[in-house]
Amino acid sequence: MANELKYEWSLAYRVEHWVRVIAIAVLVFTGFYIHWPFITGGAEGAVMSWMRFFHSVAAYALVLGLIVRVYMALNSTFDRDWKDFSITKNLKDLPDMLAYYLFVNDTHKDYRKYNPLQALAYLFIAALIIFTTLTGAALYKGNAFGFINAAESFRWVNTMLGGESYTRIWHFLSMWVFLIFVGVHVYMSLLQAAVNKDKTFMSIFTGYKLKKTS
Ligand code: HEM
């Protein structure tokens, strides 16, 4: 069986991926600080103001990254991959992939770019980004872009979740879901690279992956 290097991720895809990773790292670090101020200076000190500032800057980067990613899925000249994210198609193929992961079958069908579990996980992460941003915006007391009164505009989120204290709990829980996703995601990329010897892990750095040609 022959393999050849295929250019899987253009620079735009890779940059967007790493912007997202940095944004999540900053959000988790600063979010932990806002939750539990571990550096002296206390809850109201200058360190806290900076942590809050970087928390919102990273949140803007994360949302912008998602908007850019959706745009690329629909309009990229490199690879318009929106069709790979069809929920019905991926749910239909899910048993095939689960049977493989649960050691029921030794092989699975060939998928163009994302296996069904992967595509559904990425869609879930996109939804989680929206949910976490909305709950974060509802907790924010200042003005977004200097003129949108966040507390007013996102009050409906607090109402839907049963009050601000619930919004805070959901916001905090969603961070843990991100952390669990990252752990599983990195593990799966390493596993796939080790089992299939197809350079999956390195592909998000270099852009290139080994693909079967016959
Ligand atoms: C240190 C952290 C991370 C590493 C090492 C990493 C690694 C990778 C690798 C190797 C791929 C390529 C997978 C393949 O070709 O099948 C990939 C793709 C992807 N990763 Fe990550 N990842 C990290 C963090 C994240 C985070 C935090 C998110 C989302 C919150 C994420 C979302 C995605 C998505 C959506 C793709 C598909 C490509 C795209 O749509 O841009 N990753 N990642």
Side-chain angles (χ1 to χ4, degrees), residues 3-32 55 57-87 90 93-94 96-97 100-101 108-136 171-212:
N3 281 328
E4 74 175 24
L5 274 180
K6 183 174 171 273
Y7 193 41
E8 186 93 339
W9 309 111
S10 66
L11 185 64
Y13 274 96
R14 281 175 285 150
V15 169
E16 195 281 311
H17 179 268
W18 291 108
V19 165
R20 190 186 318 141
V21 175
I22 293 167
I24 298 236
V26 172
L27 282 162
V28 170
F29 181 81
T30 54
F32 258 122
H55 198 72
V57 170
Y60 280 116
L62 190 70
V63 173
L64 200 66
L66 181 61
I67 293 170
V68 169
R69 182 64 181 82
V70 172
Y71 177 84
M72 291 199 300
L74 299 169
N75 288 306
S76 164
T77 48
F78 174 74
D79 185 11
R80 281 185 286 135
D81 59 0
W82 62 271
K83 282 191 186 139
D84 296 337
F85 292 99
S86 152
I87 296 181
N90 284 305
D93 284 333
L94 192 58
D96 167 60
M97 206 59 209
Y100 172 74
Y101 279 130
H108 58 79
K109 285 195 242 169
D110 276 338
Y111 297 102
R112 194 191 78 91
K113 198 162 189 178
Y114 312 99
N115 73 56
L117 196 66
Q118 198 180 8
L120 292 171
Y122 294 161
L123 277 180
F124 172 75
I125 286 298
L128 190 67
I129 291 176
I130 295 168
F131 178 77
T132 315
T133 309
L134 285 175
T135 50
H171 192 68
F172 186 67
L173 282 179
S174 59
M175 175 206 64
W176 285 104
V177 180
F178 274 115
L179 283 181
I180 293 167
F181 165 82
V182 172
V184 175
H185 174 68
V186 175
Y187 171 75
M188 301 275 264
S189 314
L190 285 168
L191 187 72
Q192 158 120 359
V195 173
N196 294 355
K197 301 200 172 28
D198 63 358
K199 301 186 189 291
T200 286
F201 186 75
M202 287 313 291
S203 72
I204 205 71
F205 297 89
T206 62
Y208 288 93
K209 200 188 243 194
L210 276 177
K211 290 270 184 179
K212 277 183 270 175

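Both counts, for ligands and for their atoms, begin at 1 and track the order of listing.
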How far is [atom] from the closest protein heavy atom, and which atom is that?
{"atom": "atom 40 (O) of ligand 1", "value": "Arg69 NE, 2.7 Å"}
{"atom": "atom 28 (C) of ligand 1", "value": "Phe181 CE2, 3.5 Å"}
{"atom": "atom 27 (C) of ligand 1", "value": "Val182 CG2, 3.4 Å"}
{"atom": "atom 16 (O) of ligand 1", "value": "Gln118 NE2, 2.9 Å"}
{"atom": "atom 35 (C) of ligand 1", "value": "Arg20 NH1, 3.1 Å"}
{"atom": "atom 4 (C) of ligand 1", "value": "Val186 CG2, 3.7 Å"}
{"atom": "atom 24 (C) of ligand 1", "value": "Val21 CG2, 3.3 Å"}
{"atom": "atom 11 (C) of ligand 1", "value": "Ile204 CB, 3.7 Å"}

Ignoring hydrogens, what is the shortest heavy-atom contact between [X] and [Y]? Give both atom names and the distance.
{"X": "Phe85", "Y": "Ala119", "result": "CD2-O, 3.8 Å"}
{"X": "Ser203", "Y": "Thr200", "result": "OG-O, 2.6 Å"}
{"X": "Met97", "Y": "Pro116", "result": "CB-CG, 3.9 Å"}
{"X": "Phe78", "Y": "Tyr7", "result": "CZ-O, 3.3 Å"}

Next item on the list: Using distance alone, with no hydrogens and no angle criterion, decide if Asp96 and Tyr111 have a side-chain donor and acceptor under 3.5 Å apart.
Entry: yes
Proximal ligand 1 atoms for [X], defined as those under 4.0 Å from one of its heavy atoms:
{"X": "Ile24", "value": "30 (C)"}
{"X": "Lys209", "value": "14 (C), 15 (O), 16 (O)"}
{"X": "Ile125", "value": "29 (C), 30 (C)"}

Notebook entry, point to check: Would you call Asp81 and Arg69 a salt bridge, using N to O less than 4.0 angstrom?
Noted result: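 The answer is yes: the pair qualifies as a salt bridge.
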Margin query: Evaluate Phe205 against Trp18 for ring pair (Phe, Tyr, Trp, His ring centres under 6.0 Å), listing each step before the verdict.
Written below: CA-CA 9 Å; Phe205 297 89; Trp18 291 108; 5.0 Å; yes
Check: If you count the non-hydrogen atoms of other residues, nucleotides and ligands that lie under 6.0 Å from CG in Leu179, is the total more than 12?
Finding: yes
Note to self: Is the contact between Tyr122 and ligand 1 made by the side chain, the backbone, both, or neither, using heavy atoms and a 4.0 Å cut-off?
What the structure shows: side chain
Check: Are side-chain heavy atoms of Asp198 and Lys211 found at a separation under 4.5 Å?
Finding: no
Margin query: Working to 10°, measure the angle at atom 21 (Fe) of ligand 1 formed by atom NE2 of His17 and atom NE2 of His185.
Written below: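 My answer is 170°, to the nearest 10°.
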Next item on the list: Run the contact test for Phe205 against ligand 1 with a 4.0 Å cut-off on heavy atoms, strictly below, and give the result.
Entry: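 Heavy atoms of Phe205 never come under 4.0 Å of ligand 1.
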